Asker: 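One structure is given below, represented as structure tokens, and several questions about it will come after.
Since we're looking at a predicted model, the values are computed, not measured. Just so we're on the same page: letters track the sequence lines, and every chain starts at 1.
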Amino acid sequence: MNPTASKPTKSSYDAIVIGGGHNGLVCAAYLGRAGKKVLVVEKRPVVGGAAVSEEVVPGFTFSVFSYVVSLFRPHIIRELDLPRHGMQILPMETTYNPVPDDRGLVRWGDAARTRREIERFSPNDASIYPEFGLAMSRLSRFTKNIIDTTAPEPASLHPKELIKLLKLAKQFKDFDGDMRYLNLKLMTMSAVDFLEEWFESEPLLPAMAGSGIIGTFMGVRSPGTAYVLLHHYMGEIDGAYRAWGFAKGGTGQISLACARAAQSFGVEIVTDVGVSSIDIANGRARGIVLDNGDQVSAKTVISSLDPNRTFLKLIPEGQLDSDFTASIRRYKNRGSSGKVNLALDRLPTFAGGREGDHHLRGDVTYAPTIDYIEKAYDEAKYGQFSRNPFLNIVIPSLNDPSVAPPGKHVLSAFVQYAPYNIREGAENWPQQRDAFGEAVIDTIEEFCPDIRDCLIDKQVISPWDIERMIGLTEGNIFQGELSLEQLAFLRPVAGWSRYQTPIDQLWMCGSGTHPGGGVMGAPGELSAKTMLSKKAV
Amino acid sequence: MNSPVLVLGGDSNGLTAACYLAKAGRSVTLLTHGPLGGLASRHEFHPGYQSPGVLGETSGLRRSVVSDLQLEQHGLRFADNAGVLAIGPDSTIAITNSRDATTESIRGVSARDADRYREYFQFLDSVRAPLTQFLNSPPPDLVDPSFTDIRGLLMRGFQLRRLGKALMLEVLRLAPMAVYDWMDEWFENDLLKAALALPAVTESYTAPWSAGTNANLLAQQVTGGNDVVGDGLALTDALVQAARSLGVDIREQTVASIDPGRGVETTDGESISATTIVTSLDPKTVFLRLLRPELLDHGFEQRITNYRARGLRSQLLLAIDRPLKLRDETPANRLRLVSSLASVERSFDPIKYGRFSDEPSLEVYLPSADHPELAPDGHAVAAVTIHYTPYDLAGGWTERSREELTRLVIQQLGERLPDLADTIVGHELLAPPDIETRYGVTGGHVFHGEHSLDQLLVRPTPECCQYTTPFPGLVLCGGGTFPGGGLTCAPGALASRVVAK
Amino acid sequence: MPIESPFHARTSQLCTSMRWKDWAGYFAVCSYEPCHEQEYFAYRHAAGLMDATPLFKYTVSGADAGRLLSRVMTRDITKLRVGRVTYCCWCDDAGKIMDDGTVSRLDDDVYRVTAAEPTLHWLRLNARRYQVAIEDVTTKYGILALQGPLSRGILGHVCGRAVTDLRFFRLTQTTIDRRPVTITRTGYTGDLGYEVWCDSADALPVYDAITEAGQNYRLMPAGLDALDVARVEAGFVMNGVDYHSSNHCLIESRKSTPYELGLGWTVQLDRDPFIGQSKLREEKQRGSQWSFVGLDYDWVAFERLFARHDLPPQTPHGAWRDPLPVFDRTGRQVGQATSGAWSPTLKKNLALASVKRSHAAEGRELLIEATVEFERTRTPVTVSAPMFFDPERKRG
């Protein structure tokens with residue numbers, strides 16, 4: 001990426017994007033590609049938002065927050081030519097579920113080998129496993145229709161919207177009956193209820209159900225989690241479903257590639273520049289006011305920040321009507337997860353006696369039983385971080401030696417649940433942070449007995465830290481829960497799902513808009529394309 | 001099409017369907033397993049004391065059924081000021097059919113909530129029409145919609161849209177929500193929130209923080225009306241009278257197997273032939289117990305098997321040796337012993353691990369004022385509904401676990417109804433497996449299947465979601481069909497229309 | 001990584017070609033020698049010994065075992081007598097085929113099922129209300145297929161009368177080298193042949209006993225490549241090649257029914273309901289859309305294709321599995337050939353194909369795609385019954 005300035009070169013632009021997260025950058029790149037003069041303003045010294053890689057411990061590059069790639073839209077990769085700008089995704093082939101006092105379960109790329117692994121726990125589950133995968137990929141094909149276009153507007157009477165709705169209905173009807181029913185159930189059921197229609201054994205059930213809770217403040221038995229499960233099942237790289245990967249050099253490289261692509265289209269990116277407010281006159285956005293008091297004007301202002309921050313912090317009071325503000329206030333953020341990144345002197349020994357490290361090159365999910373995850377949730381519900389949390393671990397240095405010194409490793413643990421609102425109050429997270437980190441390492445110790453011997457340094461991130469570091473309200477990694485009442489035409493607020501806001505010429509492009517969170521790029525892209533088609537920029 | 005009809009199931013829905021069909025000129029025979037009324041029927045649980053049944057709440061009873069079947073001529077009367085008394089740790093709220101009285105009662109705990117309560121009902125009133133229309137019509141087949149279904153769906157969509165764009169979107173937002181969040185948007189008082197939301201979360205494997213529970217709350221609130229005087233038992237009595245007067249031939253016989261299109265075999269060995277069989281038994285009983293497995297398609301069998309009906313409530317019946325006097329002067333004969341939505345949530349948590357809570361959420365029904373016949377003179381009966389208790393209790397429903405639960409509940413009752421504990425002279429605990437056995441409902445699930453969003457919209461499975469089944473001549477009319485369980489008589493009425501066709 | 005069959009210690013010694021493939025998660029020999037031809041001739045003129053262990057195997061036992069299998073299979077298994085084996089297939093609710101295999105009745109309440117795909121869950125899901133025990137015995141047993149005209153002599157040598165008297169599609173439980181074995185007179189070559197089931201632990205002695213007895217009969221270890229040619233000649237459909245399990249198909253058009261695959265003879269409609277019955281009945285009444293046929297290349301025309309490039313006719317080396325479109329005389333596509341082979345016995349170039357019923361009459365001339373020197377063209381074939389090779393000795 002070209003060096004970024006900390007001062008805009010001009011005083012006026014076609015468009016200003018507030019926030020240099022991957023969605024902001026994607027949006028800017030698309031606008032730049034259309035020939036617009038665009039400025040991206042990022043508060044931190046690095047771009048990327050939640051998709052950043054940073055050398056937190058000398059020699060060790062952590063994907064500080066987001067750590068795997070799956071949902072990034074393939075057409076964005078093509079249209080912005082991201083591989084040319086340095087994006088390279090390494091495949092994640094395996095899923096490993098350690099179980100205390102056992103070899104655990106590994107799912108491999110090789111179907112027969114996976115079958116035999118599952119057979120150890122349930123011959124029945126092994127037999128049905130391929131069919132489940134097929135059903136999910138069929139379901140994903142329908143949901144993909146929703147993700148790759150702007151949300152339908154059921155309340156609109158505009159013929160274009162009605163046609164869009166009818167098209168969706170037609171796509172639904174073209175599905176075969178079993179799939180239609182499954183799709184309906186998927187939208188409302190809990191991950192466990194949904195999976196129990198297929199599977200019976202642990203650790204397969206909890207391992208799969210676990211992806212239904214990532215980033216949400218729900219348990220695997222909470223209705224609505226089956227959808228999140230599909231959302232994660234939909235991971236798609238190079239058009240192949242269920243293909244997860246690591247960005248070479250860390251997740252931040254994706255943001256950097258987007259930034260380089262944007263720069264190649266003439267987009268100007270400034271870093272270390274905070275925005276104090278959006279300049280609004282007569283209900284119309286005119287530009288932004290920087291933290292240092294400078295004003296920069298633009299025809300269009302686009303916020304990639306979450307709805308809460310955009311509307312309640314950056315917009316002077318009185319500019320929005322109270323109904324809208326009330327809707328933003330009740331929009332649920334509720335961060336529920338934390339992150340623990342470890343710099344390791346060597347690869348720790350995983351219990352269970354498997355040879356080699358092939359099974360560790362993908363993700364390692366620690367959720368030995370359904371009850372284990374559910375108990376973790378029960379604790380969190382009442383304002384406590386889980387003493388025995390659900391862990392989703394990756395060791396990217398096994399695939400990508402560039403992130404750690406030779407022979408040394410990076411272990412990155414996504415931890416759930418860590419509620420933002422702990423009983424003691426969110427602002428007391430700093431006092432809880434160490435205990436939280438220890439609880440996570442204690443849990444890792446259950447299947448990695450020598451983890452502490454390998455430890456060089458660690459980074460513990462609570463949802464409160466996420467909020468403080470990158471501004472995500474309540475530390476919610478998706479810029480708002482992916483619950484049904486906050487999806488599609490209801491995201492972030494009913495009637496405002498098309499990236500527009502009640503303020504003229506102020507637009508949104510973050511994960512708080514349709515189709516939601518994850519390193520997907522879709523909100524940024526759809527927002528830019530909507531603006532361009534409406535000639536709003 | 002005036003062939004005779006065989007109705008299986010003597011509960012409110014079976015009776016309703018029988019009445020409608022008899023009224024339409026069909027000759028109807030009704031077989032009932034056990035006493036008429038099903039879940040709203042009596043049995044002696046202690047010498048001289050009778051149970052009022054496990055379902056008593058009648059506020060969802062459809063007025064159209066009452067008028068169609070002229071139930072008021074058969075003794076049914078509506079109470080104009082009945083309701084529920086919510087008893088919290090340090091306050092009470094009487095939630096009755098009278099909005100004004102309720103608002104005043106709420107004012108005792110929160111002036112803000114009292115005002116909000118009025119607004120809350122104003123909101124419900126504003127969306128009531130399209131929602132009740134939806135809940136009182138046969139459901140559209142969402143999985144395999146026909147032209148009629150699509151037209152129906154468009155109609156419903158249009159009715160909803162007529163509310164205006166904002167209200168329509170609001171309704172769409174509300175349905176998938178958790179009651180916790182919605183109640184939180186309205187009210188501040190914990191007891192009020194819990195008391196209002198409790199019935200919406202206990203019909204499924206859900207608690208206040210579970211997404212989708214708000215759909216239940218909405219459905220209950222918009223269809224809720226005045227209670228019947230004498231509650232479930234009185235409704236049963238009126239329906240039975242109506243059925244008899246319409247010439248329904250009622251027999252107390254249990255069905256052993258169904259041969260669709262031909263007839264049934266009873267447990268006493270009789271074969272009864274019938275080309276049309278309408279049943280209010282729960283879907284799992286019908287398809288997985290009474291039909292030979294070979295008759296079911298593979299997919300249909302899976303779907304019925306996967307239909308979730310995990311009974312979560314137990315009932316403790318108490319025989320009391322004196323008249324029961326409530327602490328407050330209130331017309332309510334039902335109590336909800338809760339503290340907050342969080343306390344309801346906590347009482348739900350243990351069932352996930354096969355246990356019951358140390359602090360269950362309780363509802364108490366006091367039938368004696370309306371039904372003195374249930375207890376000896378001057379004595380009373382109380383029916384305590386316990387939320388939540390798992391069907392598959394870890395270690396099983398042994399004598400010990402039953403005693404423990406009974407002790408727990410009586411102790412908890414004593415905390416909020418101090419006079420009660422010493423007056424108990426007998427009791428019976430009906431755990432979910434007991435409810436299953438006594439009333440013949442799979443899993444002991446009193447609503448014939450959980451009221452989760454997916455199971456409400458497509459109830460019980462795509463092939464049976466419009467009352468007809470894959471088997472010609474076999475029609476469902478129970479709580480396992482749209483719009484779900486409870487003493488609403490709606491499924492029975494809607495299903496009978498299908499048969500009449 | 002595939003795993004080793006219990007016969008691996010022997011087969012790996014013999015497989016000098018190092019030509020292996022993954023068959024249902026097992027290492028399986030394609031051909032022991034670099035070219036499969038000798039192995040093919042062993043099947044047809046002496047005897048070939050193939051390791052068929054990777055087949056999925058299930059034991060179904062209990063009071064309702066026959067009832068369950070009758071519900072799942074297209075055949076009425078309750079009518080299968082003890083000591084008999086039957087070939088059948090099973091379908092989903094829509095009557096689309098999921099897999100095919102054999103069912104053996106070992107005892108009153110004990111059956112054994114073979115399948116090409118994992119089937120445990122399908123049996124179990126349909127058995128919820130039956131009193132049965134279903135066990136996956138895939139790794140518990142080894143299977144050797146001993147096929148060819150001399151196979152009776154060889155097995156007679158090790159087992160005596162129990163085998164020499166064994167009739168087509170019957171089974172016997174006997175011993176080889178004092179080890180208990182189940183022998184069925186079945187196979188996938190369309191020739192006289194047997195399949196020997198033994199406990200995995202007994203695999204090597206059983207293998208050795210048979211090979212030793214086979215020495216005087218020119219018994220050869222034979223691999224999958226030779227088998228593939230033999231089964232094309234016999235017109236046997238193969239799951240994953242000539243059809244696809246309906247539960248693995250993303251789209252409807254990939255699915256087939258037993259009638260469309262020429263397996264209508266395994267469908268017994270008039271009995272208690274079974275899975276797929278109503279749809280199969282409808283299809284039977286209505287007639288199928290597709291027919292499974294054999295295609296016999298017009299040799300003269302085939303020769304001429306190559307002659308244009310001054311080449312001698314090049315017959316395929318072994319069996320092929322990449323589908324080729326089939327056209328009518330006007331050039332409209334009417335189906336696809338799914339596998340084929342040059343038959344060294346019949347001296348014919350053959351293919352198995354699914355074609356529209358309207359074009360499936362025996363003797364009908366169709367065109368099949370052929371590529372010669374990167375030039376794509378069409379060459380005439382004649383429709384025939386798929387069973388090209390059916391010797392008397394197979395049944396006799």
Asker: So how far is it from A/Leu162 CG to B/Leu154 CG, rounded to the nearest 0.5 Å?
Answerer: 9.5 Å
Asker: Output, in order, the C-alpha distance, side-chain angles, deciding distance and verdict of salt bridge (Lys or Arg N to Asp or Glu O under 4.0 Å) for A/Asp193 and B/Arg308.
Answerer: CA-CA 9 Å; A/Asp193 285 345; B/Arg308 302 183 302 285; 3.4 Å; yes
Asker: With a 4.5 angstrom heavy-atom cut-off, could you sort out which part of B/Glu345 is near chain A: side chain, backbone, both or neither?
Answerer: both
Asker: In terms of heavy-atom pairs under 4.5 Å with chain A, which of B/Thr213, B/Asp184, B/Leu457, B/Asp181 leads?
Answerer: B/Asp181
Asker: Heavy-atom pairs under 4.5 Å with chain B - which of A/Ala169, A/Ala326, A/Gly224, A/Ala155 has more of them than the others?
Answerer: A/Ala155
Asker: Does CD in A/Glu197 sit with more than 12 non-hydrogen atoms of other residues, nucleotides or ligands closer than 6.0 Å?
Answerer: yes
Asker: Between B/Arg161 and chain A, with a heavy-atom cut-off of 4.5 Å, which part of the residue counts as in contact: side chain, backbone, both or neither?
Answerer: side chain
Asker: Taking NZ, NE, NH1 and NH2 as the nitrogens, is one of them in B/Arg303 or A/Asp178 under 4.0 Å from a carboxylate oxygen of the other?
Answerer: yes
Asker: Sort A/Arg491 into side chain, backbone, both or neither according to what part of it lies under 4.5 angstrom from a heavy atom of chain B.
Answerer: neither
Asker: Less than 4.5 Å to any heavy atom of chain A: does that hold for the side chain of B/Met168, its backbone, both, or neither?
Answerer: side chain
Asker: Can you tell which of A/Pro154, A/Ser483, A/Gly495 has the highest number of heavy-atom pairs within less than 4.5 Å of chain B?
Answerer: A/Pro154
Asker: Please round to the nearest 0.5 Å and tell me the distance separating atom CG of B/Asp454 and atom CG of A/Leu182.
Answerer: 10.5 Å
Asker: Taking the side chain as every heavy atom from C-beta outward, state whether B/Phe158 and A/Leu157 have any pair of such atoms under 4.5 Å apart.
Answerer: no
Asker: Regarding A/Tyr377 and B/Asp349, do their side chains bring together a donor and an acceptor under 3.5 Å, going by distance alone?
Answerer: no
Asker: For B/Arg162, I'd like to know if atom CZ has over 12 heavy atoms of other residues, nucleotides or ligands within 6.0 Å.
Answerer: no
Asker: Between A/Met179, A/Lys185, A/Arg329, A/Arg221, which shows the greatest number of heavy-atom pairs under 4.5 Å with chain B?
Answerer: A/Arg221
Asker: Tell me whether B/Met155 at atom CE has more than 12 heavy atoms from other residues, nucleotides or ligands lying less than 6.0 Å away.
Answerer: no
Asker: Where do B/Trp209 and A/Met218 land on the side chain to side chain contact (heavy atoms under 4.5 Å, CB included) test, with the steps shown first?
Answerer: CA-CA 8 Å; B/Trp209 285 356; A/Met218 293 195 269; over 6 Å; no
Asker: Could you have a look at A/Pro223, A/Ser327, A/Ala494, A/Gly219 and say which one has the most heavy-atom pairs with chain B under 4.5 angstrom?
Answerer: A/Pro223
Asker: Within 45° of the six-membered ring axis of A/Tyr382 and under 6.0 Å from that ring's centre, is NZ or CZ of B/Arg346 located there?
Answerer: yes
Asker: Under 4.5 Å, counting heavy-atom pairs only, tell me which of B/Leu160, B/Asn306, B/Leu453 racks up the most with chain A.
Answerer: B/Asn306
Asker: In plain terms, say whether A/Glu485 and B/Arg173 are close enough for a salt bridge, that is, a side-chain N and a carboxylate O under 4.0 Å apart.
Answerer: no
Asker: In terms of heavy-atom proximity below 4.5 Å to chain B, should A/Phe217 be classed as side chain, backbone, both, or neither?
Answerer: neither
Asker: Over all heavy atoms of both residues, which pair between A/Leu490 and B/Leu172 is shortest? Give the atoms and the distance, please.
Answerer: CD1-O, 4.0 Å
Asker: Within this structure, what is the CG-OH distance for the pair A/Asp378 and B/Tyr353, rounded to the nearest 0.5 Å?
Answerer: 3.5 Å
Asker: Pick from A/Met189, A/Glu196, A/Glu374, A/Gln486: which one has the most heavy-atom pairs with chain B under 4.5 Å?
Answerer: A/Glu374
Asker: How close do B/Pro460 and A/Tyr181 get, counting heavy atoms only, and between which atoms?
Answerer: O-OH, 3.7 Å
Asker: Report which part of B/Thr206 has an atom under 4.5 Å of a heavy atom belonging to chain A: side chain, backbone, both, or neither.
Answerer: side chain
Asker: Mind ranking A/Leu484, A/Asp371, A/Asp323 by heavy-atom pairs under 4.5 Å with chain B and telling me who comes out on top?
Answerer: A/Asp371
Asker: Counting only non-hydrogen atoms closer than 4.5 Å, does A/Lys332 touch chain B with its backbone (N, CA, C, O), its side chain (CB onward), both, or neither?
Answerer: side chain
Asker: Taking the basic N atoms (NZ, or NE/NH1/NH2) and the acidic carboxylate oxygens, is any pair closer than 4.0 Å for B/Glu170 and A/Arg330?
Answerer: yes
